[in-house]
Enquirer: 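Mind having a look at this structure? Questions to follow.
Every number for a ligand or one of its atoms is a count from 1 in the order of the listing. Computed from a predicted structure; not experimentally measured.
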Amino acid sequence: MPVLDDLLEKIDQKEFVRLSTDIRTAFDQHQLWFNALNLALITRESTLSEEDYCCCSHTLCPLGQWIRNTLDNPAFQHPFFVELDEKHKNFHRIANQLINNLNSQQPVDINLYKQLIQTQQMLSAQLLTLFEFSVVTNSQFDSITGLMNRRSVNAVLAYEKYRMSRNKTSHCCIALVDIDHFKKVNDIYGHDIGDHALAQVASVLHSCTRQSDTVARFGGEEFLFVLPDISLEGAIASIDRVRRKLAATPLELCQEKITITASFGITQLCNDCDVEHSIKRADEALYLAKHMGRNRSAYIDIDRFSAADRRIALGEINTEFQTMLTRYGTLVTSELQ
Ligand SMILES: Nc1nc2c(ncn2[C@@H]2O[C@H](COP(=O)(O)OP(=O)(O)OP(=O)(O)O)[C@@H](O)[C@H]2O)c(=O)[nH]1
């Protein structure tokens with residue numbers, strides 16, 4: 001859907017969450033009006049009820065109202081919706097001419113009727129495209145934070161892994177993020193406010209990303225950064241900037257300003273292990289960051305392991321990775337505050 005892809009770039013993904021339900025409801029009512037009109041034209045009797053007459057113009061029809069409300073939102077001032085608005089106006093203009101003919105006992109103008117059917121078909125096709133787009137979009141993004149969800153970020157990771165396998169010089173780092181003591185936020189303010197906090201944290205994390213980076217909601221209070229074409233050193237510096245920014249940005253919850261921090265585990269994606277193992281390594285690094293006091297980043301540099309231990313770190317040998325990390329403490333350096 002290339003027409004709509006540029007729409008997605010401009011619009012906050014959360015805007016799409018409501019869209020699919022709204023389109024359905026508005027279009028159902030428009031469709032009922034179209035059916036009633038067809039029946040009246042076929043039977044040559046004005047079977048239109050008073051309720052039907054509530055839909056008899058662009059401004060009264062719920063679909064017209066929905067299109068105008070959508071266009072009022074600056075985010076949706078896009079040629080796609082302007083075109084939809086024009087089509088819908090045209091539909092009701094033609095429909096009203098046919099009703100006038102019917103009411104004045106004139107024969108149905110077949111050409112006009114064909115135009116009505118065509119306009120209705122074009123409207124349906126355009127709305128179906130929008131509906132599909134919004135359903136697909138909703139399934140790719142998390143409704144609380146507006147960030148990509150786990151399924152979508154898995155696709156990003158698979159793509160990065162594929163890119164690395166095609167071009168041995170390209171690389172990619174990942175960072176797993178877990179909010180510190182988030183249970184307390186829920187306990188103090190309740191789950192709904194906890195959701196607001198998640199959304200605000202997500203917004204801070206998102207504001208720190210480069211265009212080529214991705215940050216996704218990975219689980220409950222966990223997020224995942226995917227940082228293509230950056231060295232591990234670069235990723236450590238970049239993620240530590242994110243950590244500092246979050247700690248320095250007070251969030252507004254219930255008219256109170258609170259500070260939320262997070263811990264970060266960083267590692268590389270690598271060609272000789274699958275994505276799952278890299279995530280596991282990021283999780284181990286995150287565990288270290290938590291263990292060392294939270295609000296810090298830790299990393300595991302896979303390139304610094306010996307060949308034998310690299311096989312353990314890559315998950316090829318089922319040995320307790322944590323034990324090995326303790327042994328190799330110097331290879332797993334934590335960035336202190
Ligand atoms: N409001 C809200 N809370 C969530 C959501 N998903 C997970 N949580 C909460 O996140 C909290 C995670 O708590 P814990 O795993 O104990 O960790 P923590 O309190 O963050 O402590 P540390 O991670 O050890 O620093 C739990 O209270 C979950 O209920 C969500 O979608 N919304």
Enquirer: For His196 and ligand 1, answer yes if some heavy atom of the residue is under 4.0 Å from a ligand atom, otherwise no.
Expert: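 Under 4.0 Å: no for His196.
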
Enquirer: Who's the nearest protein heavy-atom neighbour of atom 16 (O) of ligand 1, and how far?
Expert: Lys183 CD, 4.0 Å

Enquirer: Please state which option from Asp180, Asn186, Ile179 has its nearest heavy atom closest to atom 9 (C) of ligand 1.
Expert: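 Among Asp180, Asn186, Ile179, the closest heavy atom to atom 9 (C) of ligand 1 belongs to Asn186.
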
Enquirer: At under 4.0 Å between heavy atoms, which part of Lys290 makes contact with ligand 1: side chain, backbone, both or neither?
Expert: side chain

Enquirer: Given Arg217, His191, Lys184, Glu222, identify the one with the heavy atom nearest to atom 31 (O) of ligand 1.
Expert: Arg217

Enquirer: I need the nearest protein heavy-atom contact for atom 6 (N) of ligand 1: residue, atom name and distance, please.
Expert: Gly220 CA, 3.2 Å

Enquirer: Between Asp178 and ligand 1, which residue portion shows a heavy-atom distance shorter than 4.0 Å: side chain, backbone, both, or neither?
Expert: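 For Asp178, only side-chain atoms sit under 4.0 Å from ligand 1.
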
Enquirer: Verify whether one side chain among Asn295 and Arg243 offers a donor that lies under 3.5 Å from an acceptor in the other.
Expert: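 Distance-only check passes for Asn295 and Arg243.
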
Enquirer: Tell me: protein heavy atom nearest atom 24 (O) of ligand 1, and distance?
Expert: Arg294 NH2, 2.9 Å

Enquirer: Would Asn38 and Tyr113 count as having a side-chain donor-acceptor pair, cut-off 3.5 Å?
Expert: yes

Enquirer: For Gly194, take its heavy atoms, then give the atoms of ligand 1 lying under 4.0 Å from any of them.
Expert: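 With Gly194 as reference, the close atoms of ligand 1 come out as 1 (N).
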
Enquirer: Does this structure show an ion pair linking Arg163 with Glu160, if we count only N-O contacts that are shorter than 4.0 Å?
Expert: yes

Enquirer: Nearest protein heavy atom to atom 32 (N) of ligand 1, by residue and atom, and its distance?
Expert: Asp195 OD1, 2.6 Å

Enquirer: Keeping Gln65 on the side-chain end and Ala26 on the backbone end, is there a donor-acceptor pair under 3.5 Å?
Expert: no

Enquirer: Give a yes or no on whether a salt bridge exists between Arg68 and Asp72, defined as a side-chain N under 4.0 angstrom from a carboxylate O.
Expert: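 Salt bridge absent between Arg68 and Asp72.
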
Enquirer: Where is the nearest protein heavy atom to atom 10 (O) of ligand 1: which residue, which atom, and how far?
Expert: Glu221 CG, 3.1 Å

Enquirer: So, Gln268 side chain and His171 main chain: donor-acceptor pair closer than 3.5 Å or not?
Expert: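 Not a single qualifying donor-acceptor pair exists.
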
Enquirer: Taking side chain to side chain contact (heavy atoms under 4.5 Å, CB included) as the test, write out the residues that go with Ser104, two or more places apart.
Expert: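 If we apply the side chain to side chain contact (heavy atoms under 4.5 Å, CB included) test to Ser104, skipping adjacent residues, the hits are Gln106.
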
Enquirer: Do Phe27 and Phe131 have their ring centres less than 6.0 Å from each other?
Expert: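 Ring centres of Phe131 and Phe27 not closer than 6.0 Å.
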
Enquirer: Could you check atom 20 (O) of ligand 1 against the protein and tell me its nearest heavy-atom contact, residue, atom and distance included?
Expert: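 For atom 20 (O) of ligand 1, the nearest protein heavy atom comes out as Phe182 N, 2.7 Å.
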
Enquirer: Can you list the atoms of ligand 1 that are under 4.0 Å from a heavy atom of His181?
Expert: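 That gives atoms 18 (P), 19 (O), 20 (O), 21 (O), 22 (P), 25 (O) of ligand 1.
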
Enquirer: If two hydrophobic side chains count as joined below 4.5 Å and joins carry through other members, does Trp33 share a cluster with Leu112?
Expert: yes

